[in-house]
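Note that ligands are numbered from 1 as they come in the structure, with each ligand's atoms numbered from 1 the same way.
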Amino acid sequence: MKKIIIGNWKMYKTTSDINIFKSEFEMAIDSANINVEYGIAVPSIYLCKVIDIFRNNKNIKIYAQDAHYKEEGAYTGNISYKQLLDCNVYGSIIGHSERRAMFNDTDEEINKKVLALSRNDLSTILCVGETLLEYQNKISVSIVINQLKKALNSVMDNDVKNVIIAYEPIWAIGTGIVPKPEEVYLIIKEIRKTISELYNPKFGNSIKVLYGGSVNAKNINDFLKLNSISGFLVGSASLKGSDFAELLELGGKDA
Ligand code: PGA
């Protein structure tokens with residue numbers, strides 16, 4: 001099974017940065033052996049533009065960073081899942097810790113977003129992860145599994161196939177600090193176990209579970225050794241075209 005690597009551009013980049021990314025990225029992948037599925041989650045204002053400039057690259061999947069669960073309505077500043085479908089956006093990140101912490105996205109809203117996206121065949125990257133304090137108190141597993149269960153409430157067997165789970169310990173995001181691979185292994189194991197309890201038991205194996213938090217070209221190989229990992233959600237190391245291409249190449253190699 002090919003690994004999946006998704007870049008998250010957050011609130012970075014302007015038009016000229018995007019053009020530079022594109023040329024650096026294309027130059028780098030031209031001579032590289034890319035054996036992963038990949039995509040980027042771009043700021044909503046550039047979704048159509050990025051889809052357009054990558055129209056000749058059939059492999060790159062363009063994601064939003066969040067989407068509203070309502071089809072339309074008086075929700076100033078939001079974009080709806082219907083608008084994503086209209087613009088051929090492939091899917092969206094949902095429940096990123098920055099949204100949970102800074103924009104008060106609750107478990108209930110995250111659940112509604114997951115339901116709306118997955119029912120409409122949009123790929124959903126559902127982020128879960130514990131704070132540093134929760135990690136230090138050794139309650140990571142229960143925090144993550146609780147977030148997961150709440151986010152997947154009422155999501156049916158048929159729709160859960162559109163959901164990719166991203167385990168992102170909050171203390172590892174943007175800090176350069178990463179958990180030990182065996183700690184990530186344990187959480188992924190619990191996530192898979194929970195999915196097989198909630199759904200068709202076979203889904204525990206087949207569901208995609210990514211790791212995110214300070215992944216870069218230096219540490220990706222340590223995580224690739226975990227055979228239960230399906231790929232990565234990458235912030236800073238996805239901003240430069242050549243860095244991202246390098247990660248894609250490394251991610252497709254056997255650890
Ligand atoms: P990072 O971000 O790779 O810069 O730590 C990851 C994320 O926020 O998804």
Inset, instruction - Using a strict 4.0 Å cut-off to heavy atoms of A172, name the atoms of ligand 1 that fall inside it. - result: 5 (O)
Legend entry - Identity of the nearest option to atom 8 (O) of ligand 1, non-hydrogen atoms only, from Q65, E98, K10: K10
Inset, instruction - Using non-hydrogen atoms of the residue, decide whether S97 is closer than 4.0 angstrom to ligand 1. - result: no
Legend entry - Nearest protein heavy atom with distance in Å, relative to atom 6 (C) of ligand 1: G235 N, 3.5 Å
Legend entry - Proximal atoms of ligand 1 relative to H96 (non-hydrogen, under 4.0 Å): 7 (C), 8 (O), 9 (O)
Legend entry - Donor-acceptor under 3.5 Å (N162 side chain, L117 main chain): no
Legend entry - Non-hydrogen side-chain atoms of F103 and D66 separated by less than 4.5 Å: no
Inset, instruction - Examine the proximity of ligand 1 to A166 and report which part, side chain or backbone, both or neither, has a heavy atom under 4.0 Å away. - result: neither
Legend entry - G174 near ligand 1 by a heavy-atom separation under 4.0 Å: yes
Inset, instruction - Just need the protein heavy atom nearest to atom 9 (O) of ligand 1, so name the residue and atom and give the distance. - result: E168 OE2, 2.7 Å
Inset, instruction - Report the part of N8 in contact with ligand 1, treating N, CA, C, O as backbone and CB onward as side chain, heavy atoms under 4.0 Å; options are side chain, backbone, both, neither. - result: side chain
Inset, instruction - Report yes or no: does N219 contribute a side-chain atom to a donor-acceptor pair with the main-chain N or O of N216 at less than 3.5 Å? - result: yes
Inset, instruction - Look at the side chain of E249 and the backbone N and O of E246, then say whether any donor-acceptor pair between them is shorter than 3.5 Å. - result: no
Legend entry - Side chain E168, main chain G129, donor-acceptor under 3.5 Å: no
Legend entry - Ligand-side contact atoms (ligand 1) for residue partner L233, heavy atom cut-off under 4.0 Å: 9 (O)
Legend entry - Flag, side chain of E134 to backbone of I139, donor-acceptor distance under 3.5 Å: no
Legend entry - Candidate pair Y75 and K70, rule side chain to side chain donor-acceptor pair (under 3.5 Å), full reasoning: CA-CA 9 Å; Y75 297 95; K70 286 273 178 72; 2.8 Å; yes
Legend entry - Atoms of ligand 1, numbered as shown, that sit under 4.0 Å from any heavy atom of S214: 1 (P), 3 (O), 5 (O)
Inset, instruction - Salt-bridge test for K113 and E109: reply yes if a basic N is under 4.0 Å from a carboxylate O, no otherwise. - result: no
Legend entry - Residue-ligand contact A237/ligand 1, heavy atom below 4.0 Å: no
Legend entry - Per-atom contacts of ligand 1 with G213, taking only distances under 4.0 Å to non-hydrogen atoms: 5 (O)
Legend entry - atom 4 (O) of ligand 1: the protein heavy-atom neighbour that sits closest, reported with distance to 0.1 Å: S236 OG, 2.7 Å
Inset, instruction - Verify the distance criterion only: is there a donor paired with an acceptor across the side chains of N19 and S16 at less than 3.5 Å? - result: no
